[in-house]
**Student:** 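What follows is a structure written as structure tokens; I'll ask about it next.
Excluded from the calculations below are hydrogen atoms, water molecules and symmetry mates; all remaining heavy atoms, backbone and side chain alike, are included.
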Amino acid sequence: GQYARLAFSGAVCAALGHGVLTPLDVIKTKLQADPERYEGLGFGEAVQDMVAGDSGAGAREGRVQGGQSTAGGPGAGLSWPSLAGSLLRGLDASMAGYFVAGGLGFGTTEACRRLLLRSLEVDGSVEAV
């Protein structure tokens, strides 16, 4: 009942919180994995280069602008759906993992906290929870 609701709320919050941050984590990881490739590029250009690279275009080809690629080469036809697909890579696994971890972590923490407070309440040290 009550602990299941607490666990579920922790699961949803952890999954959504980490899901929202997945694109930033993907960008950070790619920047750290190949810093020379993105040297001298601004943030937006680096992200566009990442997406172009994921779509089969070479480095610094296939920039996204207005929903379509500005290059006529291998990155031509690069669109915002490909941008989302590239930056949301791993979203499903991340959200599933954090759903489980958040549910177990928050549910267990809240249950233990309440048990501890109840045990202290018996001694008269702590007022009602």
**Student:** Return the minimal non-hydrogen interatomic distance between Leu31 and Ala46, and the atom names on each side.
**Tutor:** CD2-CB, 4.2 Å
**Student:** Identify which one of Asp25, Ile27, Leu24 satisfies the side-chain contact (heavy atoms from CB on, under 4.5 Å) criterion when paired with Leu87.
**Tutor:**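 In the set Asp25, Ile27, Leu24, the residue that makes a side-chain contact (heavy atoms from CB on, under 4.5 Å) with Leu87 is Ile27.
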**Student:** Which value, rounded to the nearest 0.5 Å, describes the distance between Leu41 atom CG and Met50 atom CE?
**Tutor:**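 Nearest 0.5 Å value for the CG-CE distance: 9.0 Å.
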**Student:** Tell me whether Ser119 contacts the main-chain N or O of Leu116 through its side chain, where contact means a donor paired with an acceptor under 3.5 Å.
**Tutor:** yes
**Student:** Can Val12 be reached from Leu6 by stepping across I, L, V, M, F, W or Y side chains whose heavy atoms are under 4.5 Å apart?
**Tutor:** no
**Student:** With a 4.5 Å heavy-atom cut-off, do Leu16 and Tyr98 have their side chains touching?
**Tutor:**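 The answer is no, as the side chains (C-beta and beyond) never meet within the 4.5 Å cut-off.
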**Student:** Looking only at heavy atoms, which two atoms of Ala14 and Gly102 are closest? And how far apart?
**Tutor:** CB-CA, 3.7 Å
**Student:** Taking all non-hydrogen atoms of both residues into account, name the closest pair between Leu88 and Pro23 and its distance.
**Tutor:** CD2-CG, 3.6 Å
**Student:** Taking the side chain from Arg37 and the backbone from Lys30, do they hold a donor-acceptor pair closer than 3.5 Å?
**Tutor:** no
**Student:** Under 4.5 Å between any side-chain heavy atoms of Glu110 and Gln2, yes or no?
**Tutor:** no
**Student:** On a heavy-atom basis, which atom in Ser94 and which in Thr22 lie closest, and how many Å separate them?
**Tutor:**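 For Ser94 versus Thr22, the nearest heavy atoms are OG-OG1, 3.8 Å.
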**Student:** Could you check whether any side-chain N or O of Glu45 sits under 3.5 Å from a backbone N or O of Gly42, counting only pairs where one atom can act as donor and the other as acceptor?
**Tutor:** yes
**Student:** Which atoms form the tightest heavy-atom contact between Tyr3 and Ala111, and what is the distance?
**Tutor:**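 That closest heavy-atom pairing would be CE2-CA, 3.6 Å.
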**Student:** Under the side chain to side chain contact (heavy atoms under 4.5 Å, CB included) rule, what do Phe106 and Phe8 come out as? Steps first, then yes or no, please.
**Tutor:** CA-CA 9 Å; Phe106 186 73; Phe8 183 73; over 6 Å; no
